[in-house]
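Report on the following structure.
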Amino acid sequence: MTQTPTGRRSRRRPRALPLTPPPADALDADLAVRVAAAALAEHPGATIDRVEVDGEGRYAAHLVTWFGQQVVVPVDRDLTVMGWTALAR
């Protein structure tokens, strides 16, 4: 039996989440560091929030600038910065 959030007991077993393999273009640590370095070269003094692969197969570094602005920097597979977008607060 398992405990439910309401305090009642249930005989149902919790369902296991399906295991999905990582995407083929997932970032490894070395590549994430290189993407972050390329983005930080465009925005010195910023900090990295996260680095991810966007829907178009490009890398995207999410930064927070020294004055608090959130910025997304797309980087292509050759580690060339493709510009940047400031997010609304």
Side-chain angles (χ1 to χ4, degrees):
M1 289 192 186
T2 60
Q3 192 80 13
T4 64
T6 60
R8 296 181 182 169
R9 294 183 184 259
S10 172
R11 291 186 184 263
R12 290 189 298 163
R13 292 182 179 223
R15 284 190 301 156
L17 296 175
L19 296 176
T20 55
D25 54 0
L27 288 168
D28 62 357
D30 182 52
L31 182 56
V33 168
R34 290 186 287 150
V35 170
L40 288 173
E42 291 288 318
H43 296 277
T47 57
I48 297 291
D49 183 33
R50 68 184 181 274
V51 178
E52 61 190 14
V53 179
D54 71 7
E56 298 174 6
R58 292 182 306 214
Y59 307 114
H62 293 254
L63 311 176
V64 178
T65 63
W66 63 273
F67 55 92
Q69 180 68 49
Q70 294 180 345
V71 176
V72 178
V73 181
V75 178
D76 68 5
R77 297 212 180 262
D78 297 326
L79 299 178
T80 303
V81 173
M82 307 291 292
W84 57 278
T85 304
L87 301 177
R89 290 187 188 199

For Val73 and Gly83, the nearest pair of non-hydrogen atoms, with its separation, is CG1-O, 3.5 Å
Going by the salt bridge (charged side-chain N to carboxylate O under 4.0 Å, His left out) test, which pairs reach into residues 37-46, not counting sequence neighbours?
-> none
Find the distance between CG (Asp78) and CZ (Arg58) and round it off to the nearest 0.5 Å.
-> 13.0 Å
In one Ile/Leu/Val/Met/Phe/Trp/Tyr side-chain cluster, 4.5 Å: Val71, Val81 | yes
On a heavy-atom basis, the closest approach of Leu40 and Ala46 is CD2-O, 3.4 Å
List for me each residue that meets side chain to side chain contact (heavy atoms under 4.5 Å, CB included) alongside Ala29, sequence neighbours excluded, and say none if there are none.
-> none
If every non-hydrogen atom of Ala36 is compared with every non-hydrogen atom of Ile48, which pair is closest and at what distance?
-> CB-CD1, 3.7 Å
Check step by step if side-chain contact (heavy atoms from CB on, under 4.5 Å) holds for Val75 and Thr80.
-> CA-CA 5 Å; Val75 178; Thr80 303; 5.9 Å; no
Determine whether Trp84 and Leu63 make a side-chain contact, defined as any pair of heavy atoms from C-beta on separated by less than 4.5 Å.
-> no
Which salt bridge (charged side-chain N to carboxylate O under 4.0 Å, His left out) pairs, counting each pair once, include a residue from residues 27-36, with sequence neighbours left out?
-> Asp30-Arg34
Check whether any side-chain heavy atom of Asp49 sits under 4.5 Å from a side-chain heavy atom of Gln70, and report yes or no.
-> no
What's the shortest heavy-atom distance between Ala38 and Leu79, and which atoms?
-> CB-O, 3.9 Å
Donor-acceptor contact below 3.5 Å, side chain Gln69 vs main chain Leu87 = yes
